[in-house]
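What follows is a single structure, written as structure tokens, with notes after it.
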Amino acid sequence: MSRYNARETEPKWQAAWEAAGSFRAERDPAREKYYVLEMFPYPSGRIHMGHVRNYTMGDVVARYKRARGFNVLHPMGWDAFGLPAENAAMEKKVSPAVWTYQNIGTMKEQLKPLGFSLDWTRELATCDPEYYGQQQAMFIDMMEAGLAYRKNSVVNWDPVDMTVLANEQVENGRGWRSGALVERRELTQWFFRISDFSEELLEAIGTLTDWPEKVRLMQANWIGRSEGLQFRFATLGAPEGFGELEVYTTRPDTIFGASFAGISPDHPLSRALEAGNPELAAFNAECRRIGTSEEALETAEKRGFDTGIRVVHPFDASKELPVYVANFILMDYGTGAIFGCPAHDQRDLDFARKYGLTVTPVVCPENQLVDEFVIGDTAFTDTGRIINSGFLDGMTIEAAKAEVARRMAAQGQGELKVNFRLRDWGVSRQRFWGCPIPVVHCPSCGVVPEKKENLPVELPADASFDQPGNPLDRHPTWRDVPCPACGAPAKRETDTMDTFVDSSWYFARFTAPRADTPTVAEDAAYWMNVDQYIGGIEHAILHLLYSRFFARAMAKTGHLPQSAIEPFDSLFTQGMVTHETYSTLSEAGRTVWHTPEEVEIAADGTARLREGGAPVTVGPSIKMSKSKKNVVDPVDITEQYGADTARWFVMSDSPPERDVEWTASGAEAAWRHLQRVWRLAADAAGADELPSAGGDEEALALARATHRAIAEVTAGIEGFAFNKAVAKLYEFTSAVAKSSAPRAARIEAMQVMARLMAPMTPHLAEEIWAHLGGEGLLVAQPWPELDESLLKEDTVTLPIQINGKKRGDISVPADADRAAIEAMVMADETVLRYLDGGAPRKLIVVPGRIVNVVV
RNA sequence: GCGGGUGUGGCGGAAUGGUAGACGCGACGGAUUCAAAAUCCGUUUCUGGAGACAGAGUGUCGGUUCGAGUCCGACCACCCGUACCA
């Protein structure tokens, strides 16, 4: 018996598919289309198990849908701009473009042998001028449509490297390279008006019925609609021009519990006070060192600075509240100023306790006496009745909110306002390796878009990375250009675009990747939307929200049909591939990460370096990442066992939406199973026709198993439960192996086996198909048809519970009614034993499911 | 901090409120073999018992139900995101 040789077989079928053009997608209005897309990879240099898992899932869907008769679009590209290329440029003296295209070449070489059914003729890379030139054209359209504008905003500034840092590059408030304390610096930057769409993006979540509920929730919370009151305090002792302090609150009902007002360190009032108050200036400087990330700001110790300014309570002029600058108030949300009601907000309470401010409860739980209600260390945030609040006393929270709003409006001091947490999308990056923002700054004309015929504005090939900062800033021949409007000497914008812009429309570009416009109407109309989008849960908010916005912006500027403003019909978020982390400490006390290959794990679980034997700290299993070096190379698996084994393995065991921890042990098992299937096929083909009594019965039993497999595998694939589909294929394999059905029946079973396995293990499936005399390429065959009549069972086994515990079971005809089952149960030996002569207190019969006898 | 998720044998996991542990890995036993590899068959949640069987058991504590891994409440641990990593 010859063994199945993946190394020879896989390239053979890949060549056959290539020659047949099996995966080329052509627009054909006569056929129903299906667009399946996996989030495109960043070309880091090598593919990893996460890619294999992601693209295998998409490929299973693509191949299955093709077998179902759809005209399938399944493209691939590269999310090719980004920081790592610049880091490589600085560290290895290689140009970002060279580094990136080399990586793309390597990764393509590693992907191809996996046999994904991709239309490679549509390949694109976002760093290619062919792609980003069209992006620049859309940027100009968006400027003209009022969707792009400039305003000031803050960045992390490294004062030693004189460069802007990404949040990731800030470690404990210091720059990762220089170690310098980070500052916040204000720059004029480009923004997209995503906040104009807050309400619509929120509303439309309701239409995304084939998205995971968790993603819809996360997006809704991110957009963060709140209904509140915006009002103005009169100030005492504030500088010129700050007679009022405008605050936003969602709890106007607690206004009588207010004990302080708080403003962000970046609030204009705080900035105005800094000049004459060195202490405050120092406090603010320290706050700014926390950086710009919300996480860092929120987890930092809550601190405040009493400005000495007071505000007057809007309903009681005798009450004055101190105004604090507080490090936890974000300038980006609301007005950058709040009032604090410690009794009913935990953060305010912590703050009040720290600075000795009064804590007055103004909402009392219904079941508690007002006199006995005191606030300890926990703020009361539930519902109740208003107390200690003058004219609000006795009201519900809702009534009090309305009353406060009414009186504020009457006093001309405030108004109801709907607020969103979602901020406009800042797209400027002070970096080289991104899509240049196609505008020119002219001393007389101001900000002028580049002429479309001059696009693309290409990145220079000769940038230097020998000093930190953006090389475009110090590249005179690239930077100095005539103004597109008046021709006078002017300067290009040297900021490039956020890489999220690149990934916000690549799905649309795939429908016409070589066009000299961003999209082509007919192609977009035919192929959009993406029917099935697959990617990591880590993109649940930003990438998907930006794409939803961008599709709307493209519709407004005529680049997508209105029907495509929600570009992803169905979304599946796969779990990540995780692995343990291995680290040692360097002499300088810094953490040094090691790859799994560098580490040897002993039987007792302790780990040491293969080289030198130094003890290694084993960290928790987290997302595979280059920076932590906890990566496993799929190329090794593919070379040893073949693509089908790797594909089969990543589809088995773990449910696709869950994280999977990579272990090497299963690959061997997957390979063994594929060998077994091959042997079964070869056996069936070579079997002698044995005249066996009962052959018909055996054949029927095998046909039943076959059709059960068709039903179960189909359900598994349709329901994105690939691990269950795989489990059912294991069972089916077992059934065929044990069957002594005649040759023809076994050949038929194995032909169905090949067709059911084809989405996961396409090469093996083709080989079996050919070996068993199947017509043409299996890839062009339809999905096996199910004969429902073969699924029906004559008898079913019902478990019997006594008091909810299983004590036995009975076999009953499948069509037995309740009364018949009851009679059989009451005659059952086990039941009689437990009843001990008595009558059951209750008898629950769920036909086809279970029987429960309560004694 | 905040938002979202996950938690079941030695391991990955299965289970429309209805037999907890399908399927796979590992382990153990057997067949085949001069022997091994490969392959095939069987056992495998834990505790007690020769066994029939009994008791316990789905992160922790409590609740709803004839019946809870599944529903509700409180907590614990870990993971993802937190707007300049992609």
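Note on naming: letters A, B, ... go to the chains in the order of the sequence lines (proteins, then strands), and numbering restarts at 1 for each one.
- If you check every strand for non-hydrogen atoms under 4.0 Å, A:Phe500 touches a base.
- Pairing partner, B:G69: none, since no Watson-Crick or wobble contact has both distances short of 3.5 Å.
- Heavy atoms of A:Ser734 sit nowhere under 4.0 angstrom from any nucleic acid atom.
- Taking 3.5 Å as the limit, the base of B:C84 and the side chain of A:Gln430 contain a donor-acceptor pair of atoms between them.
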Practice prompt. Take A:Phe351 and A:Phe328 through the ring pair (Phe, Tyr, Trp, His ring centres under 6.0 Å) test and state the conclusion after the steps.
Written response: CA-CA 10 Å; A:Phe351 190 81; A:Phe328 59 86; 5.5 Å; yes

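- Straight-line distance between the C1' atoms of B:G21 and B:G7: roughly 16 Å, to the nearest whole Å.
- Look at B:G9: its glycosidic torsion is within 90° of 0, and that puts it in the syn range.
- Under 3.5 Å, the side chain of A:Asn167 and the base of B:C84 form no donor-acceptor pair of N or O atoms.
- Base pairing of B:A35: no nucleotide in any strand meets the Watson-Crick or G-U wobble criterion (both distances under 3.5 Å).
- Shown here, B:U6 forms a base pair with B:A77; the pair counts as Watson-Crick or G-U wobble because both key distances fall under 3.5 Å.
- Contact annotation: A:Lys214 side-chain N/O to B:G5 OP1/OP2 distance is not under 4.0 Å.
- When the C1' atom is compared between B:G69 and B:U16, the two are found 15 Å apart, to the nearest whole Å.
- Contact between the side-chain N/O atoms of A:Arg672 and the OP1/OP2 oxygens of B:G26 is found at a separation under 4.0 Å.
- If you check every strand for non-hydrogen atoms under 4.0 Å, A:Val215 touches nothing.
- Within 6.0 Å of CG in A:Asn172 there are 12 or fewer heavy atoms belonging to other residues, nucleotides or ligands.
- Going from the P atom of B:G51 to that of B:U44 covers 12 Å, rounded to whole Å.
- Within the 4.0 angstrom heavy-atom criterion, base atoms lie near A:Ile844.
- Only the C1' atoms considered, B:G81 is 26 Å distant from B:G13, to the nearest whole Å.
- Contact annotation: A:Arg807 reaches the phosphate of B:G55 (side-chain N/O to OP1 or OP2, under 4.0 Å).
- Under 3.5 Å, the side chain of A:Arg431 and the base of B:C84 form at least one donor-acceptor pair of N or O atoms.
- Projected onto RNA chain B by closest heavy-atom contact, A:Glu298 and A:Tyr546 fall at different nucleotides, the more 5' of which corresponds to A:Glu298.
- Across the P atoms, B:C46 and B:C2 are found 41 Å apart, a figure rounded to whole Å.
- Dashed line: the shortest gap from a side-chain N or O of A:Lys842 to OP1 or OP2 of B:G67 is not under 4.0 Å.
- Note on A:Arg849: every side-chain N or O is 4.0 Å or more away from OP1 and OP2 of B:U19.
- Contact annotation: A:Arg347 side-chain N/O to B:C2 OP1/OP2 distance is not under 4.0 Å.
- When each of A:Trp433, A:Trp99, A:Tyr131 is tested with A:Phe81 by the rule ring-ring contact (aromatic ring centres under 6.0 Å, His included), just one qualifies, namely A:Trp433.
- Going from the P atom of B:A27 to that of B:G59 covers 27 Å, rounded to whole Å.
- Remark: B:G55 base-pairs with B:C46; criterion is Watson-Crick or G-U wobble with both hydrogen-bond distances under 3.5 Å.
- Between A:His51 and A:Tyr55, the ring planes lie parallel to each other; the angle is under 30°, not in the 30° to 60° tilted range.
- No hydrogens or angles were tested; on distance alone, nothing pairs the side chain of A:Glu538 with the base of B:C85 as donor and acceptor under 3.5 Å.
- OP1 or OP2 of B:A83 has not a single side-chain nitrogen or oxygen of A:Arg423 nearer than 4.0 Å.
- Across the strands present, B:G29 finds its partner in B:C41; the criterion is a Watson-Crick or G-U wobble pair with both atom distances under 3.5 angstrom.
- Taking the six-membered ring wherever Trp is involved, the centroid distance between the rings of A:Trp425 and A:Tyr546 falls below 6.0 Å.
- With both pairing distances under 3.5 Å, B:A14 is matched to nothing as a Watson-Crick or G-U wobble pair.
- A:Tyr834 comes within contact range of the sugar-phosphate backbone alone, with a heavy-atom separation under 4.0 Å but no base atom that close.
- Remark: the A:Asn221 side chain and the B:G3 base include no donor-acceptor N/O pair separated by less than 3.5 Å.
- Comparing the C1' positions of B:A14 and B:U8 gives an interatomic distance of 10 Å, to the nearest angstrom.
- Contacts of A:Val846 with the nucleic acid, taken as non-hydrogen atoms under 4.0 Å apart, include base atoms.
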Worksheet item: Please walk me through it: do A:Phe572 and A:Tyr533 pass ring pair (Phe, Tyr, Trp, His ring centres under 6.0 Å)?
Response: CA-CA 6 Å; A:Phe572 187 86; A:Tyr533 196 33; over 10 Å; no

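- Side-chain nitrogen and oxygen atoms of A:Asn723 include none within less than 4.0 Å of the OP1 or OP2 phosphate oxygen of B:G12.
- Distances shown here put every side-chain N or O of A:Ser654 at or beyond 4.0 Å from the OP1 or OP2 atom of B:G12.
- Donor-acceptor pairing under 3.5 Å, judged by distance alone, is absent between the side chain of A:Arg421 and the base of B:U82.
- Taking atom P in both B:U19 and B:U70, the straight-line distance is 13 Å, to the nearest Å.
- Here A:Leu545 lies out of heavy-atom contact (under 4.0 Å) with every strand.
- Across all strands shown, B:A86 forms no Watson-Crick or G-U wobble pair with both distances under 3.5 Å.
- When the side-chain nitrogen and oxygen atoms of A:Thr499 are compared with OP1 and OP2 of B:A86, one or more of them lie within a distance under 4.0 Å.
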